[in-house]
Amino acid sequence: MFRFPALPGLAVCLLISGGSAHTGTPIPDARIAKPSRQFGLPLQGNPGPDTWLLGQLYGNTTSAYRQRATTYRNGQGLHFGLDFSAPCGTPVVAIGDGVVAEVDGPHGSPPHNLVINHAGNLSSLYGHLLERSPLKVGQRVKRGQVIGKTGDSQLTCVSAPHLHLEIRDHSHQRLFNPVGYIDADWAALSLIGGFGRGYQVDLTRPRRWQTLEDQPSVRLRQPLLNDYAQPWPPAPGGNR
Ligand SMILES: [Zn+2]
């Protein structure tokens, strides 16, 4: 029987690199589709303790803050995806119609990942997949089509089983908060879940980036957005 792990958020989303230098020509903002709930959830059925739950949120999470100089350095110190806790082997579905762009490409989130290109210069990345997706680059997929199985960022299937979902632009230079793009009852989904639920507070601007919706987009390999002089909660050991 599967049980959700009771690990602290610090440990659970390791091995996300944010990608290598495999990026394309920048795409102007005006050519990137704005969030209009045009996509669906990447997992089927209803959430619950035996199916899947919302895990670490996108953005300025305390978990990401504490790893801002390491795991999340390439993503300006933010958790640049949305995690869904699920037992290993849970089917993952495409969030929208599109074309498979990469199977086990260079964008991190091992052991396996998949990228689908969608309309509006948007791409979805499905990370920490259990095994290599059987899909081929160039293959068309429909929204809701099974494209892989969930795995575990720590490769154990007991310590941190989850899907890491990103919404990027086609050039892989910017990453967006998936919440506005995905049609779901986020208020209900965020009532319960796994790990990393808190947001890091900058005491000089305490209301900024504290909700599911209010989170900044990320540019890969740019300066940290959250290197706070007055952070809350303080880091273990008292250092920033
Ligand atoms: Zn993640």
Side-chain angles (χ1 to χ4, degrees), residues 4-5 7-20 39 41-43 47 52-88 90 92-93 95 102 104-116 123-130 133 147-168 172 174-182 184 186 189-190 193-200 209 212 215-220 224-226:
F4 280 91
L7 286 178
L10 274 177
V12 290
C13 209
L14 300 177
L15 303 173
I16 294 177
S17 72
S20 66
F39 296 126
L41 285 164
L43 298 168
W52 57 269
L53 292 168
L54 189 58
Q56 186 178 188
L57 306 172
Y58 172 96
N60 179 37
T61 65
T62 291
S63 176
Y65 177 81
R66 291 178 178 172
Q67 301 172 74
R68 67 193 182 285
T70 53
T71 306
Y72 299 105
R73 179 64 193 83
N74 278 348
Q76 299 190 275
L78 304 186
H79 182 230
F80 40 87
L82 197 55
D83 290 341
F84 296 87
S85 301
C88 275
T90 300
V92 178
V93 301
I95 63 171
E102 295 176 23
D104 284 348
H107 304 297
S109 210
H112 298 280
N113 65 61
L114 181 81
V115 174
I116 297 174
S123 301
S124 52
L125 178 143
Y126 309 79
H128 307 316
L129 298 179
L130 184 64
S133 171
I147 48 119
K149 298 174 184 173
T150 61
D152 185 330
S153 61
Q154 298 182 340
L155 316 181
T156 67
C157 284
V158 292
S159 52
H162 71 280
L163 171 73
H164 173 86
L165 175 76
E166 297 174 3
I167 294 183
R168 298 166 166 244
H172 298 282
R174 295 185 65 187
L175 297 97
F176 306 104
N177 185 355
V179 166
Y181 284 99
I182 293 178
W186 293 107
L189 286 177
S190 62
F195 51 85
R197 309 205 61 76
Y199 295 111
Q200 190 71 14
W209 303 340
L212 208 60
Q215 299 295 330
S217 60
V218 162
R219 289 182 184 275
L220 290 180
L224 292 172
L225 291 171
N226 57 355

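For the single chain, residues carry numbers from 1 onward in sequence order. Each ligand, and each atom within it, is numbered from 1 in the order the structure gives.
Contact annotation: H128 places no N, O or S atom under 2.8 Å from the Zn ion (ligand 1). Counting backbone and side-chain atoms alike, H79 contributes an N/O/S atom closer than 2.8 Å to the Zn ion (ligand 1).
Distances from the Zn ion (ligand 1) to the N/O/S atoms of D83 are shortest for OD1. In terms of distance to the Zn ion (ligand 1), the nearest N, O or S atom of H164 is named ND1.
For H164 and H79, the gap between ring centers is short of 6.0 Å.
In this structure the side chain of Y199 never reaches within 4.5 angstrom of the side chain of T62, judged on heavy atoms. Side-chain contact between P47 and L189 is present, with heavy atoms from C-beta onward closer than 4.5 Å.
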*asked:* Evaluate S124 against Y126 for side chain to side chain donor-acceptor pair (under 3.5 Å), listing each step before the verdict.
replied: CA-CA 7 Å; S124 52; Y126 309 79; 2.8 Å; yes
